[in-house]
Structures are given as C-alpha cells and as structure tokens.
Amino acid sequence: MSIYKCAGGGGLLKRIYSSLSNSFIAFLAFGFTLATFINFYYYEIYKTNIDIFIFGLKDDNTQAILSIIFKDYPLLILFFCAVVFTAFCVWLNTKTCV
C-alpha cells in the first residue's frame, strides 16, 4: 500500500474542511490571477508596476476610463482564464489527501 494513497471514508469534519479549503483556494487563485492580469496590463501602459496612481481612478473621469478599459482590453477572455485557473486549482485541491 502506498503512503500517498488516501484512506477512504470521512466524516462531517472532513467534509467541512474540504469545503472551506476549496473556497479558500478558489478565492486566492481567482484574486491572484486577476491581480496578475491587472499588473501585466498596467505595466504594458505605464512601464512600471502598480503604484499609488491606480487608486486615483475614483478622482478622474471614472466612466471614461472604464469605457476605455472595456473597449481596449480582452476582459472576457481574461475573466474566463481566471475562472479556468481557479477551477483547476480547486480540482487539484480535491485530489489531495486530508
């Protein structure tokens, strides 16, 4: 018997842990993936990593800036990639032993 093989069964505590673990992994994977995409495109425009000026979005013409973002960047593809990566991370988490 391999030491890497999971023992069968599991009670309520194992199911709760698995559910919370999957939720936490999904939150982190989605958040870090979106942050990576944002940092990449911010660097493409300003040739610097994210700095304090990104928080000035609310002070500028927010509607115009957001319309430019929605028009010029592949948001649907990036969102889809983030969801796929999140699903992959959750799938990997369910394949590990508790």
Closest approach of [X] and [Y], non-hydrogen atoms and distance?
X	Y	result
Ile68	Tyr73	O-CD1, 4.4 Å
Ala26	Val90	CB-CG2, 3.7 Å
Leu78	Phe37	O-CE1, 3.4 Å
Ser21	Asn93	OG-ND2, 2.7 Å
Thr86	Ala29	OG1-C, 3.9 Å
Leu75	Phe70	CD1-CD2, 3.0 Å

Quick one: does [X]'s side chain have a donor or acceptor within less than 3.5 Å of a partner on [Y]'s backbone?
X	Y	answer
Thr94	Trp91	yes
Ser19	Arg15	no
Ser18	Lys14	no

Is there a path of hydrophobic side-chain contacts, each under 4.5 Å between heavy atoms of I/L/V/M/F/W/Y residues, joining Phe24 to Leu20?
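Looking at the clustering, Phe24 is in a separate group from Leu20.
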
Look at the side-chain heavy atoms of Ile, Leu, Val, Met, Phe, Trp and Tyr, link any pair under 4.5 Å apart, and say whether Tyr41 and Ile69 land in one connected group.
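Yes, one cluster joins them.
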
Is Phe30 close to Phe79 at the side-chain level, that is, under 4.5 Å between some pair of heavy atoms?
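They are in contact (side-chain heavy atoms under 4.5 Å apart), so the answer is yes.
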
Check: Cys89 and Phe85 side chains under 4.5 Å, non-hydrogen atoms:
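Yes, side chains in contact.
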
Qualifying residue for side-chain contact (heavy atoms from CB on, under 4.5 Å) with Phe80, from Val84, Val83, Ile77, Leu76
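The side-chain contact (heavy atoms from CB on, under 4.5 Å) with Phe80 is passed solely by Val84 among Val84, Val83, Ile77, Leu76.
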
With a sphere of 6.0 Å drawn around [atom1] of [X], does it hold more than 12 non-hydrogen atoms of other residues, nucleotides or ligands?
X	atom1	value
Tyr42	OH	yes
Glu44	CD	yes
Lys47	NZ	yes

